[in-house]
Amino acid sequence: MVSRFWRKIPQRYNLVGTRCETCGRHFYPPRTFCPDCRRGGKIVDHWFTGEGKVTTYTVIRTASNQFEHATPYVLAIVELDEGPRLTAQIVCRPEEARIGMRVRRVFRRIAADGESGVIHYGTKFVPA
Amino acid sequence: MREVAVVGIGCTQFGEHWSASFRDLFVEAGALALNDAGISGEQIDALYVGNMSAGRFIEQEHIGALIADYAGLASNHTPSTRVEAACASGGLAFRQAAIAVASGMEDVVVAAGVEKMTDVGTGASVDTLAGAADREWEGFAGATFPGLYAMIATDYMHRHSLTREQLAQVAVKNHANGARNPIAQFRQEITIDTVLNSSLVADPLRLFDCSPITDGAAAVVVVPLERAREFTDAPVRMLASAQASDTIALHDRRDISTLDATIAAGRRALKLARLEHADIDLVEVHDCFTIAEICAIEDLGFCAKGEAGRLTEEGVTARDGGLPVNVSGGLKACGHPVGATGIKQICEVVQQIRGEAGRRQVDTEIGMTHNVGGTGATVVVHILGAC
Ligand SMILES: [Zn+2]
């Protein structure tokens, strides 16, 4: 379980995704294969600005064991200004969340890995 | 390619089976289906078993061989294959069985589905079901499966006309149907207030917007159409089988509240069967959440986007309406043992076509099933008709 999450640390801590130099499309979560250009695509790393807006959201009241301590929390699909969308928590009160609200990324604790206590960090968003 | 028919069906009671094991459940469903087809185990050429996550739910993998063994087929060495596509595992197992028969590779094939979900606690099952979506980029952020469908509902209600009461009416209608289904997990009618007063799970979805956690198994016997009358006087013919994929993560979809894989599989199924929407007498759709039934009716093309809420409110999708949807009670009231659901949908349509659906009988010649994996990354659609 640990290496599976360590492997993704650059992407999760710094919002590093990828970009296809052939067509200019951005990918976050990162992809190593461009669905548009396929073999003609040339994929390079891309540092996202971390600014975007909420496409849709919910307030999670019943969570899995790893997240139960955090309920209720706002979960959203955020559209980054560069185009890609990702799923992330919004650090705000449930009644503050709304579609279209501007957000920026912050580095936060995401979850503890059960009994072993390994703490996972990653990206959340706050109202901008 | 050969035409394919269903000649036997069997389904366990759906619910919380504290005393029945995973093995007990599929043995019971299999025996019911074989009995219905009037065949014995040694006549089976192959088995396809839909199962989402026995590994997480009961810590058992290698389900194909396990099932063949406990069905008494180990000494026959009957080939048995597990099929997995999250909540669409059952529908996909049926499709694999149909492909095997249609190709001419096998003659008598059993398609089954089974899930034993109540051996783990709620937190563990929520976590397991989240594996139907993108574990690394949705689950990691704290997304639950109801949470993802809740985000579909938020997006849908922002962009289209759908009231909270219309959404609740989906559950009210499916409970009314479940009340007439002897195998249903919930056989009591509810009101819109029952839904609106139930606890919030993931806003705007409440407990009664969600399908339950269920144990159950279902099985069907598939044979070439030309041999169907050897087994039954009332074979049901498969008119179309279609499957489509989409992005694993909801955030990567073209449109958050449209299941493009449903559109693709639905269109392909109708084209293969050379049928139009008006030819379909009833449809069993994948209502894992109330919003999922709304999207399914629209994305299958039975009405335009934004109209399914009104149709539900007006009773069009009720058992006695113009387009009965989920006469079995759907996933909401009949229950949702994930790997078994797709096969149960086939069983329901076969029962309806045979005229054996008792108090929930609808005059049916042609029926459709719609089985979804995850939030729409896999969709399997079948059309079945009277012979
Ligand atoms: Zn490209």
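Chain letters run A, B, ... following the sequence lines, proteins first and then strands; every chain starts at 1. None of these values were measured; they are calculated from a predicted model.
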Charged N-O contact under 4.0 Å between B:Lys332 and B:Asp209: no
A:Cys92 side chain reached by A:Phe125 side chain, heavy atoms, under 4.5 Å: no
Whether B:Phe186 and B:His175 hold their rings parallel, tilted or perpendicular, with breakpoints at 30° and 60°: parallel
A:Arg31 versus chain B, the contacting section by heavy-atom distance below 4.5 Å: side chain
Modelled atom types, side-chain donor and acceptor of B:Ser125 and B:Thr128, under 3.5 Å: no
Parallel, tilted or perpendicular: ring planes of A:Phe48 versus A:His46, cut at 30 and 60 degrees: perpendicular
Greatest number of heavy atom pairs closer than 4.5 Å to chain A - which of B:Val126, B:Thr154, B:Asp127: B:Thr154
Salt bridge present between B:Asp260 and B:Arg253 (N-O < 4.0 angstrom): no
Which atoms of B:Ala130 approach chain A - backbone, side chain, both or neither, heavy atom under 4.5 Å: neither
Residues in residues 55-63 of chain B near chain A [non-hydrogen atoms, under 4.5 Å]: none
Carboxylate-amine/guanidinium proximity below 4.0 Å for A:Arg104 and A:Asp81: no
Salt bridge flag under 4.0 Å for residues A:Glu79 and A:Lys53: yes
Interchain contact, A:Tyr57 with chain B, by part (heavy-atom threshold 4.5 Å): both
Heavy-atom pairs under 4.5 Å with chain B, option from A:Val78, A:Val59, A:Asn65 with the top count: A:Val59
Under-4.0 Å salt bridge between B:Asp255 and B:Arg159: yes
Residue part contacting chain B, namely of A:Ile99, when any heavy atom lies under 4.5 Å: side chain
